[in-house]
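Residue numbering restarts at 1 for every chain, and letters A, B, ... go by the order of the sequence lines.
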Amino acid sequence: MPAGEDERKVKTEASRYFSTELLNWYLANKRDLPWRKNRDPYRVWVSEIMLQQTRVDTVIPYYERFMEKFPTAAALAEAPEPEVLKLWEGLGYYSRARNLQAGAREVLALYGGIVPDDKDKVAALRGVGPYTTGAIMSIAFNRPEPAVDGNVMRVLSRYFCLEEDIAKPATRVGIEKLAGSLIPEGSAGDFNQGLMELGALVCTPKSPGCLTCPVMMHCEGRMAGKEHILPIKSKAKPPRPETRLAALITGSGEHEGKLLVRQRPETGLLAQMWELPHVLAESGAAGSVKRRGRGKVVSAELEIAAAAAASESMPADQGGASLMERHAMQADYLTRALSSDEGLLVRPTGWWGETEHVFSHIVWNVQVFRAEFGFWQQLPELAPGTESELPTAAEAAAPYGEGVPRANYRWIGPEQMKELAFPNVFVRILRDYWHGLD
DNA sequence: CATTCGTGGTT
DNA sequence: TAACCAAGAAT
């Protein structure tokens with residue numbers, strides 16, 4: 001018998017063993033999770049979106065609240081967008097919420113609110129990629145489609161001793177073919193969930209529980225003594241540091257006791273969420289003042305003044321300035337930037353505190369300052385194509401009269417936190433601020 | 001293909 | 001404690 005044929009035979013037996021044992025293990029050991037109550041495709045869909053890059057324990061309360069509020073695709077499709085985002089507050093990766101609702105609207109418009117039992121149609125839904133397509137098709141419809149997530153790549157890398165870098169997209173494609181070939185006839189949903197369940201409960205990233213593993217006997221990674229070095233995964237780039245200067249701006253008169261907040265842009269980081277007004281203070285050194293990016297209107301005059309101040313009090317970025325001096329410089333820069341960028345005139349009254357917030361690719365050091373609201377500058381209208389004639393800082397700072405904010409700003413009290421969706425970094429600051437007033 | 005998108009738990 | 005990483009998709 002040729003060596004190649006023999007190898008294939010061994011592999012086939014190990015594969016059959018794997019599929020059978022894993023399926024039986026899952027049926028006996030599966031967790032009782034809210035999205036396993038039934039196989040409603042919409043419920044499966046919502047759970048899979050929430051579970052993207054997010055732990056089961058974190059998702060559970062969000063899932064319960066979400067399904068109570070939006071029990072069907074039609075209910076989600078017809079909801080106001082801010083309401084959906086608010087229910088997602090704190091869960092992260094907020095574009096998932098928007099994409100999920102966009103998908104629900106597709107399902108309502110194209111399929112009468114019923115998630116179609118059709119791989120291509122499901123895959124075409126907004127926010128549904130290769131993994132989620134396989135998960136919905138297999139779990140909800142029991143179709144024999146692979147659903148390869150991080151768990152599955154880890155489990156199969158170990159079981160078959162695969163040494164490809166699972167951080168590479170091409171590796172996932174290969175593992176999908178393998179995973180698809182392992183699906184037992186008629187049990188796609190249970191098998192795929194079993195694969196992930198094993199990764200979550202036994203074949204964990206560090207210190208895998210080989211002694212209790214249902215497929216330990218034929219695990220090639222373990223037999224090769226490589227269970228601890230598999231899967232191979234190249235390291236991610238470390239997040240870049242950013243210093244953010246934020247303002248707690250208090251109002252007077254009808255806005256007495258309230259704070260000024262604003263809504264973020266439609267796209268990008270924390271899209272459409274609410275936040276304290278803040279500006280980027282570039283360069284790692286917490287106090288340094290430098291040109292801000294993307295053609296933002298910062299006049300040369302202002303930059304020269306700031307740079308002069310910086311070079312005087314902060315020689316060679318060695319932090320020669322005292323903490324108080326640095327805070328004074330930052331408050332000054334923040335005030336000028338809010339004026340120049342937003343037409344928002346405030347009077348800084350002191351440093352309030354700082355906090356660190358880690359995103360996947362950025363680390364924010366947030367320096368928070370208190371300030372009192374002054375007025376909105378009435379900025380001159382700009383004719384199209386005359387961006388190069390934007391006002392200088394001195395002109396922009398000149399009071400043209402009472403104006404209105406350019407972006408979406410609101411005055412809020414503590415009770416209004418329940419209406420708007422804030423990212424956690426600002427939830428913490430605002431909670432501490434209002435708590436400190438008591 | 002590499003980067004951009006949050007947050008919190010685990011080791 | 002710093003690193004790692006979790007039921008990924010869009011660009």
With a non-hydrogen cut-off below 4.0 angstrom, is [X] in contact with a base, only sugar-phosphate, or nothing?
X	value
A/Pro130	sugar-phosphate
A/Thr132	sugar-phosphate
A/Ala170	sugar-phosphate
A/Trp35	base
A/Arg36	base
A/Arg172	nothing

Determine the Euclidean distance between corresponding [atom1] atoms of [M] and [N]; express it in Å to zero decimal places.
N	M	atom1	result
B/dC1	C/dG8	C1'	16 Å
C/dA9	B/dG8	P	22 Å
B/dT11	C/dA7	P	13 Å

Does A/Arg154 make a side-chain N or O approach to OP1 or OP2 of C/dC5 shorter than 4.0 Å?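 A/Arg154 to C/dC5 OP1/OP2: no side-chain N or O under 4.0 Å.
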Distance in angstrom units between [X] [atom1] and [N] [atom2], rounded:
X	N	atom1	atom2	value
A/Leu100	C/dA10	CG	P	12 Å
A/Arg98	C/dA10	CZ	C1'	13 Å
A/Leu33	C/dA6	CG	C1'	15 Å
A/Asn151	C/dC5	CG	C1'	11 Å
A/Glu197	C/dA6	CD	P	15 Å
A/Trp45	C/dA9	CH2	P	13 Å
A/Phe191	C/dA7	CZ	P	16 Å
A/Asn99	C/dG8	CG	C1'	12 Å

I need the full list of ring-ring contact (aromatic ring centres under 6.0 Å, His included) pairs touching residues 26-45 of chain A, with sequence neighbours left out, sorted by first then second residue.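 Qualifying pairs, neighbours excluded: A/Trp35-A/Tyr63.
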Examine the side chains of A/Asn192 and A/Ser138 and answer whether a donor and an acceptor come within less than 3.5 Å of each other.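 Result is yes, a qualifying pair exists.
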Any chance the side chains of A/Gln52 and A/Thr132 put a donor and an acceptor closer than 3.5 Å?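 Short answer, yes.
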Tell me whether A/Lys69 is salt-bridged to A/Glu83, with the criterion being a basic N under 4.0 Å from an acidic carboxylate O.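 The answer is yes: the pair qualifies as a salt bridge.
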Going by an N to O cut-off under 4.0 Å, is there a salt bridge joining A/Arg264 and A/Glu275?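 The answer is yes: the pair qualifies as a salt bridge.
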Looking at residues at least two apart in the chain, or sitting in another chain, which of them share a ring pair (Phe, Tyr, Trp, His ring centres under 6.0 Å) with A/Phe18?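 Ring pair (Phe, Tyr, Trp, His ring centres under 6.0 Å) list for A/Phe18, sorted by chain: A/Tyr159.
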Test ring pair (Phe, Tyr, Trp, His ring centres under 6.0 Å) applied to A/Tyr111 - qualifying residues, sequence neighbours left out: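 Ring pair (Phe, Tyr, Trp, His ring centres under 6.0 Å) list for A/Tyr111, sorted by chain: empty.
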Dump the intermediate steps for ring-ring contact (aromatic ring centres under 6.0 Å, His included) on A/His327 and A/Trp352, then the final yes or no. CA-CA 10 Å; A/His327 288 158; A/Trp352 182 80; over 10 Å; no
Return a table of donor-acceptor pairs under 3.5 angstrom between the side chains of residues 222-232 of chain A and protein atoms on other chains or two or more places apart.
| from | atom 1 | to | atom 2 | distance (Å) |
| --- | --- | --- | --- | --- |
| A/Arg222 | NE | A/Met216 | O | 3.2 |
| A/Arg222 | NH2 | A/Met216 | O | 3.2 |
| A/Lys226 | NZ | A/Glu163 | OE2 | 2.8 |

Which letter, B, S or -, goes with each nucleotide of nucleotides 2-9 of chain B from 5' to 3', with contact meaning a protein heavy atom under 4.0 Å? S-SBBBBB
Using salt bridge (Lys or Arg N to Asp or Glu O under 4.0 Å), reason through A/Arg143 and A/Asp120 one step at a time and then give a plain yes or no. CA-CA 13 Å; A/Arg143 301 290 178 190; A/Asp120 293 332; over 6 Å; no
Provide a list of protein-nucleic acid N or O atom pairs under 3.5 angstrom, restricted to nucleotides 2-4 of chain C.
none

